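Please read the structure below before turning to the comments.
These numbers were taken from a predicted model, which means no experiment stands behind them. All values below were derived from every heavy atom in this structure, side-chain atoms included, with hydrogens, water molecules and symmetry-related copies excluded. Per chain, numbering begins at 1; letters A, B, ... match sequence-line order.
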Amino acid sequence: MKKTHTCGELKKKDQGATVTLMGWVQTRRDHGGLIFVDLRDRAGLTQVVFNPETAPQAHTEAHGIRSEYVLAVTGTVAPRPSGTVNPKLPTGEIEVHVTGLTILNTAKALPFMIEDDTDVAENLRLKYRYLDLRRPSLQKILITRHRITQTVRRFLDQRGFIDVETPFLTKSTPEGARDYLVPSRVNPGMFFALPQSPQLFKQILMVAGFERYYQIVKCFRDEDLRSDRQPEFTQIDLEMSFIDQDEIISLMEELLAAVCKEVKGVNVALPFPRLTFREAMDRYGSDKPDTRFGLELKDISDIAKATDFKVFLQALEPGGAVKGFAAPGMAVLSRKEVDDLTNEAKIFGAKGLAWIKVTDSGFDSPIAKFFKDGQIAAIAARLEAKPGDLMLFIADSPKLVADTLGYLRLLVGKRRNLIDETKLNFLWITDFPLVEWNDEEGRFDAMHHPFTGPRDEDLPLMESDPAKVHAKAYDIVLNGSEIGGGSIRIHRADVQSRMFSLLKIAEEDARKKFGFLLEALEYGAPPHGGLAFGLDRLTAILTGTQSIRDVIAFPKTQKAICLMTEAPSRVSAAQLRDLSIKLDIVE
RNA sequence: GGGGUGGUAGUUCAGCUGGUUAGAACGCCGGCCUGUCACGCCGGAGGUCGCGGGUUCGAGCCCCGUCCGCCCCGCCA
């Protein structure tokens, strides 16, 4: 017996046809006489009918059917009697009058129901992931993910990119995130690392002359999880030779446009807007701003300096900033609600949240007494605040001000429903600093990674004023999420060694860690650069889901555990012995 | 490492100020039902109140510890 159709495709025009469907029992409605079963497969639902008069044997067998039994049914497609058409189902005009039933498998009573609008605890969903994944909404997401990767592969193939696999068992590099380590049995005491990204390999492929490389590939980072971070995640990774930043950016815009066209049917406008890192931080307090709404931050340090408000004055002294924005319509907030906002600000280490309500008659604020005539009005003008608005201010170091206000801006945007969820706002962030100061270590760290090229015009500053050097690095942001990033790489060994000395990485250490790349750069490395997209995040945004766990078939919990397989787990003493590993755990 | 939040029937939840036998809905099981699609009607079973300790005459409820899920800070590009 073979299935002839899916459960999602039969229509009125198929009436009279003899068909065989195979699928799962969504629901059974037993009327004593007639039995209705909604049969489900990945394509949809079809109602099949067991009639005791026309098919007594099948009807008798159908009594034993339960939810999620796996059935093969053969029967005739018939239009539904008038008045019983179900407009909610694509197949709702027809039903299948069953003549033959085979129960292919039974199912135990389920831990939860297979339906889209479920609110089952996520730990149960993850334990029984195979049941969770039966839900059409999750299947739809994974199918969309498939369509995204297919579109990407087609596009990149057409543009001359070669799919090359790179090793998963590779070399640990202490920079960046923590590595997942894999012990080498045949080399006792030695470890591979799972790649945080194929970064070095794709550069080597450029040296090898592949010119255009791509890979849709798993990456591994042993850091704490978030709703948009899994320990293993997928990158659309690519690298090109003989190109500059603008060429990569416009090609990637075409790629993203093709993806949006395919999965959303939307023609996104090209080119995408660009902001420099500086401008993004100044205006939005974030290097991945959500530009679907306004509420831009304004610097009021100059006005604050002239007030008598000690909190502002003390923050400004050591090079701090006072910034704020106007939260529309939030002047009605109670004292408690404003206190709640203050507590949100404190998450980021803010010592407090200054606020001024703008009313029809003037201003209302506990700090008003510290301001001289006209100062509050000047601030309100700067923030373009209107009566009914609540002006919010943070005074602290520039980084803390940006982090806190960037977060509050998002919070207000969400609470005031200012975000148009139908928008797809792509945005490039460019001109990142090459390095950032690491106070704890007392040296500069690479902002992107140590192979990112400095802007040509900034090269002379690498030794004299490193903080002022800009990188040929770019991030792509979609609706406030960083969905990708890349850079033009350093392809000359002399620039690379200046970079290492700037980062206080000794020549010898550099040789030990990535000598193979440095050596490769000495054998005719072409100028090259690339980018990697976070496929999981991109898919999450395009499918409108909150957590990337929903776009990964078998995700891990916040403790990096797979509840279905119960990985990670203990291993046998023999396995450890093979690997020359002794555990040091207090039981 | 830290902050927040949740954990009571298979599931989602309610459970008052600590007080008799821990409830509801859905699901499940049995019976009835020939046009349902949230089928309907009747009946029934089902509880380690996450786990451990403490306070108390008495704990689902209070205290301490601990485990797990989720959100976040740190971390991570």
According to the 5.5 Å centroid and 30° plane-angle thresholds, does A:His31 stack upon the nucleobase of B:U36? no

Could you check whether A:Gln196 and A:Asp179, counting side-chain N and O atoms only, form a donor-acceptor pair closer than 3.5 Å? yes

Where along residues 78-87 of chain A does a heavy atom come under 4.0 Å from RNA chain B, residue by residue in number order? A:Arg80, A:Pro81, A:Thr84, A:Asn86

Work out how far the P atom of B:C64 is from that of B:G6, and round it to whole angstrom. 16 Å

Rounded to whole angstrom, note down the P distance from B:C61 over to B:C49. 10 Å

Whole angstroms only, please: what is the CG-P distance between A:Leu34 and B:G40? 17 Å

Distance-only donor-acceptor test, A:Arg229 side-chain atoms vs B:C76 base atoms, 3.5 Å: yes

Return yes if a side-chain donor-acceptor contact under 3.5 Å exists between A:Thr545 and A:Asp550, otherwise no. yes

Specify the residue among A:Tyr407 and A:Gly33 whose closest nucleotide of RNA chain B lies further upstream toward the 5′ end. A:Gly33

Nearest listed nucleotide, side chain of A:Met113, among B:U11, B:C26, B:A77: B:C26

Could you check A:Arg29 against A:Lys399 and say which one's nearest nucleotide on RNA chain B is further toward the 5' end? A:Arg29

Ring center gap for A:His448 and A:Phe432 short of 6.0 angstrom: no

Separation of the P atoms in B:C16 and B:G50, to the nearest angstrom: 14 Å

Please tell me whether A:Phe192 and A:Phe168 form a close aromatic pair, meaning their ring centres lie under 6.0 Å apart. no

Does B:G46 pair with anything, Watson-Crick or G-U wobble, both distances under 3.5 Å, and if so, with which nucleotide? none

With P as the reference atom in both, quote the distance from B:C41 to B:G4 in angstrom, rounded to an integer. 47 Å

Among the nucleotides B:U36, B:G69, B:C76, whichever has the atom closest to the side chain of A:Glu122 is B:G69

Below 3.5 Å is the cut-off: list the nitrogen or oxygen pairs between protein and nucleotides 4-7 of chain B, distance only.
none

Ring-base stacking, A:Phe36 with B:U36 (5.5 Å, 30° cut-offs): yes

Going by atom types only, do A:Thr166 and A:Gln215 share a side-chain donor-acceptor pair under 3.5 Å? yes

Would you give me the side-chain donor-acceptor pairs under 3.5 Å for residues 395-402 of chain A, sequence neighbours excluded?
residue: A:Asp396; atom: OD2; partner: A:Lys351; partner atom: NZ; Å: 2.8
residue: A:Ser397; atom: OG; partner: A:Leu400; partner atom: N; Å: 3.3
residue: A:Lys399; atom: NZ; partner: A:Asp403; partner atom: OD2; Å: 3.0

Give me the distance, rounded to whole Å, that separates B:G69 from B:C29 when you measure between the P atoms they each carry. 31 Å

At a cut-off of 3.5 Å, list every protein nitrogen or oxygen paired with a nitrogen or oxygen from nucleotides 28-30 of chain B, distance to 0.1 Å.
residue: B:C29; atom: OP1; partner: A:Arg66; partner atom: NE; Å: 2.9
residue: B:G30; atom: OP2; partner: A:Arg66; partner atom: NH2; Å: 3.1

According to the side-chain hydrogen bond (donor to acceptor under 3.5 Å, both in side chains) rule, which pairs have a member within residues 474-487 of chain A, sequence neighbours left out? A:Thr452-A:Ser487, A:Ser487-A:Arg489

B:G15 versus B:G27 - spacing of their P atoms, nearest Å: 24 Å

Cut-off 3.5 Å, side chains only: do A:Ser334 and A:Glu337 have a donor facing an acceptor? yes

Short side-chain donor-acceptor distance under 3.5 Å, A:Asp290 and A:Tyr284: no

Does anything in residues 536-558 of chain A reach RNA chain B, meaning a heavy atom under 4.0 Å, and if so which residues? A:Arg549, A:Thr557, A:Gln558

Do A:Gln57 and A:Thr60 have a side chain donor and acceptor closer than 3.5 Å? no

Any strand, both distances under 3.5 Å, Watson-Crick or G-U wobble: B:G40 pairs with B:C32

Output the single nucleotide from B:C73, B:C68, B:C76 whose closest atom is nearest the side chain of A:Lys559. B:C68

Do A:Leu110 and A:Glu68 come within less than 4.5 Å of each other through their side chains, counting heavy atoms only? yes

Any side-chain N or O of A:Lys88 less than 4.0 Å from the OP1 or OP2 oxygen of B:A38? yes

With the side chain of A:Val120 defined as its heavy atoms from C-beta on, choose the nearest nucleotide among B:A77, B:U12, B:G69. B:U12

At less than 4.0 Å, is any side-chain N or O atom of A:Arg226 found next to OP1 or OP2 of B:C73? Yes or no. yes

For B:G10 and B:U17, measure between their P atoms and round to the nearest Å. 28 Å

Output, in order, the C-alpha distance, side-chain angles, deciding distance and verdict of side-chain contact (heavy atoms from CB on, under 4.5 Å) for A:Tyr214 and A:Lys202. CA-CA 8 Å; A:Tyr214 88 100; A:Lys202 68 178 177 178; over 6 Å; no

Looking only at side-chain N and O atoms, does A:Thr27 offer a donor or acceptor that is under 3.5 Å from a partner on A:Arg29? yes

Side-chain contact check for A:Asp30: nearest option of B:G69, B:C33, B:C39 is B:C33

Ring centre gap for A:Phe451 and A:Phe514 strictly below 6.0 Å: yes

To the side chain of A:Glu223, which of B:A77, B:C75, B:G69 is closest? B:C75

Could you tell me how far B:G7 sits from B:U12 if I compare only their C1' atoms? Round to whole Å. 13 Å

Decide yes or no for A:Leu531 and A:Met240: does some side-chain heavy atom of the first lie under 4.5 Å from some side-chain heavy atom of the second? no

